[in-house]
Amino acid sequence: MPTLSLEPPVTHVLASGPDRLRSSAKAEDLERHSCVMFLRYEWIEDSLKEGKLMPPDPYRLIVHNTSIEKSLTSSTTTTATVAVGCLQMLIAPIAGPQKLNHKGKEESGALGEVVSSMIGKEGKQKKGRGGESDSEEERTKEEDCRGDILTRYLGTTAPAAADALEPCSTSLNTHITRILWELHDLYEGVLDDGNRALIYRKVASEIDKLSYKVTSASQLDKMEGIGQSTRVKIKEILRTGKLEMLEVLLANPKVSVLQLFMSVWGIGPKTATEMYNRGYRTLEDLKRESSLERMPRLGLKYYADILQRIPRVEAVELEKVVVGVAKELYPGVLAQATGSFRRGKASCGDIDFVISHPDGNSHRGLLAKLVARLTDIQFISDGLQDRSRGPQAPGHYEVDTYMGLCKLQGARHYRRIDIKVYPIRAHPFGLLHFTGNDIFNRRIRELAKKKGYKLNDHGLFPTVGEGQNIRSGTESIPCATEREILEKLGMPYLEPHERNW
DNA sequence: GCCA
DNA sequence: CAGTACG
DNA sequence: TGGCCGATACTG
């Protein structure tokens, strides 16, 4: 392979297969530290075919931090560099302008870095509390009526090419958004104000995908969601390059300790504060605290592993195991991995499964059996749900949940796994809910509410009466597919990868 | 912190 | 019930 | 000034 020049204008390296690349630690390093992404050449083929940039994740050749990629089949390699300009030209005539965007999240939360540098090591990625922060709103000209419909009903368009061109640090405005993302993390965490966090998340991702560099706050005037307060902050950032308020917060040692504690699965603002007040300062300290509940204990036990993201190739293997066992136990079962995996992400924080059975009966007791079997084969190691809640015990919904840890034979890390079993009538709702992302879910629920429904992960319920017993005695509007649910809401169907809002 |  | 988690 | 998703689900 010819020597590649991977200078700034080069954003993508396309290859027919991973064999050449995987032997090159250099490539992995390059991708990690530069804007370059290594993709199978089908990515550009499909992009041209679709007339828009396809999400890169399913095409990625380099998946960090795994040994499984070695099992990928080899093929001949021809590499080509594609300058972003060329790509734009190829695609623009068909789909209109596209931007490269970056999410400072996902791979390493902004605050996570700060924290880790302050703490020394450990907390690298933050845990995705409230869902992973893969907010991103890629927006093209409304290519068809979907854009209009979405605008009309949701006040926004779907991110057309989803997270087109993902973590490539291409945002021209990281000087601003790094700070906004840090505010998001702080409010979501220590400052314990999810609503503000949401605002910062929205503004940051919005600015991240601008195709020009912001040099004056007035350029953001027409961007909605930015109010007085945010504007003033952005002005300060533009003027001084930093935000005093943030500096002060980050200089506070208590903040970093709380942030560290909250990076443990099962520890939120209250518990973190409580532990801090008891004088604890390190994770080792926490391990000595006997009052911690089951979830945080598991969080501590598997702390380092849980922090690791799951490369997509490994997630594929995890899915095979669970689906395989489920089918063996229950022929005809519906089982699939959902979450960010289903949305096409290159890596996932955890792996979630939604399971059901078309016979309308086998879902009862399914989870217990499945978990038992997965434990037998030493796939599942630890988990919640132990609370003996038999086949039919839970509420009126008959939904059964498992949250725990699993590991592939020979794999390096334990992984967070969630399994949900639904009765068949609720299956599409469970699927929709657990595919997310969280922002998408909030939006469609908000929309449902406006239309006089309540939407949750097991049904779409007409709102009856006022205040009282809204759902008691009410049946869900039946929907056999996710598509039907969205149609009932007056929305066009969105593919999973189009739900990365 | 933004918006109705 | 509060706290935390899930998308 | 109140709402911001879910009558979420699980733990203790």
Side-chain angles (χ1 to χ4, degrees), chain A residues 127-134 155 180 183-184 187 189 191-203 223-233 262 264-274 291-299 338-343 348-354 383-387 389 393-397 399-404 416-420 426 429-450 453-461 463-465 467-472 474 496 499-501:
Chain A
K127 76 177 148 181
R129 146 197 328 281
E132 343 97 11
S133 317
D134 20 51
L180 297 179
L183 285 174
H184 161 265
Y187 275 111
L191 302 181
D192 198 12
D193 185 344
N195 292 318
R196 281 195 207 192
L198 226 48
I199 268 100
Y200 285 116
R201 173 175 172 180
K202 181 171 185 297
V203 174
M223 183 180 288
E224 74 168 291
I226 295 192
Q228 189 57 35
S229 184
T230 308
R231 194 181 313 280
V232 168
K233 287 185 177 61
M262 287 192 302
V264 178
W265 185 51
I267 296 184
K270 309 294 179 186
T271 312
T273 303
E274 171 66 18
S291 77
L292 287 179
E293 297 161 14
R294 170 130 207 200
M295 197 187 283
R297 281 208 310 277
L298 288 181
T338 59
S340 53
F341 174 81
R342 184 163 179 240
R343 299 199 310 272
C348 315
D350 64 6
I351 183 124
D352 332 280
F353 291 89
V354 168
L384 312 179
Q385 179 246 207
D386 287 2
R387 149 176 159 196
R389 127 257 213 16
H396 357 294
Y397 295 132
V399 180
D400 225 348
T401 306
Y402 175 85
M403 294 159 70
R416 277 274 301 106
I417 180 174
D418 294 338
I419 307 175
K420 282 260 179 185
F429 296 97
L431 210 48
L432 188 65
H433 169 75
F434 279 97
T435 296
N437 66 2
D438 57 335
I439 302 287
F440 173 75
N441 284 351
R442 287 168 187 243
R443 288 225 117 108
I444 59 179
R445 283 165 195 207
E446 197 181 348
L447 174 62
K449 183 184 285 194
K450 272 191 223 146
Y453 299 110
K454 287 284 184 188
L455 175 64
N456 62 22
D457 69 326
H458 31 339
L460 180 62
F461 305 90
T463 309
V464 294
Q468 21 36 37
N469 276 5
I470 280 178
R471 206 195 59 255
S472 175
T474 30
R499 305 177 200 166
N500 288 304
W501 290 26

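The sequence lines fix the lettering, A, B, ..., with proteins before strands; numbering per chain opens at 1.
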Would you say [N] has OP1 or OP2 under 4.0 Å from some side-chain N or O of [X]?
| X | N | result |
| --- | --- | --- |
| A:Lys420 | D:dT8 | no |
| A:His458 | D:dA9 | yes |
| A:Lys454 | D:dG6 | yes |
| A:Trp501 | C:dG7 | no |

Identify whether any heavy atom of [X] sits under 4.0 Å from a base atom; if not, whether one sits that close to sugar-phosphate; answer base, sugar-phosphate or nothing.
| X | answer |
| --- | --- |
| A:Asn441 | base |
| A:Leu432 | nothing |
| A:Thr338 | nothing |

Between [N] ([atom2]) and [X] ([atom1]): distance, integer Å:
| X | N | atom1 | atom2 | value |
| --- | --- | --- | --- | --- |
| A:Phe434 | D:dC5 | CZ | C1' | 13 Å |
| A:Arg416 | C:dG7 | CZ | P | 7 Å |
| A:Arg442 | C:dC6 | CZ | P | 14 Å |
| A:Ile267 | C:dC6 | CD1 | C1' | 18 Å |
| A:Arg443 | D:dC5 | CZ | P | 10 Å |
| A:Trp265 | D:dA9 | CH2 | C1' | 13 Å |
| A:Asp352 | D:dT8 | CG | P | 20 Å |
| A:Phe440 | C:dG7 | CZ | P | 15 Å |

Return the polar atom pairs (N/O with N/O) between nucleotides 2-4 of chain B and the protein under 3.5 Å, or none.
from	atom 1	to	atom 2	distance (Å)
B:dC2	OP1	A:Gly227	N	2.7
B:dC2	OP1	A:Gly227	O	3.3
B:dC2	OP1	A:Thr230	N	3.1
B:dC2	OP1	A:Thr230	OG1	2.6
B:dC3	OP1	A:Gly225	N	2.7

Could you tell me how far D:dG6 sits from B:dC2 if I compare only their P atoms? Round to whole Å.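 About 23 Å, rounded to a whole number of Å.
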P atom, C:dC6 versus D:dC4: distance in rounded Å? 23 Å
Between A:Gly459 and A:Glu293, which has a closest nucleotide on DNA chain D that is more 5'?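 This one resolves to A:Gly459.
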Both A:Leu292 and A:Leu455 contact DNA chain D. Which one's nearest nucleotide lies toward the 5' end?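 Upstream on the strand: A:Leu455.
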DNA chain C in dot-bracket, Watson-Crick or G-U pairs under 3.5 Å, [ ] crossing, | other strand? |||||||
Testing A:Val203, A:Asp193, A:Ile439 one by one against A:Leu198 for a side-chain contact (heavy atoms from CB on, under 4.5 Å), which residue passes? A:Ile439
Kindly indicate whether the side chain of A:Thr338, heavy atoms from C-beta on, has any atom under 4.5 Å from the side chain of A:Leu431. yes
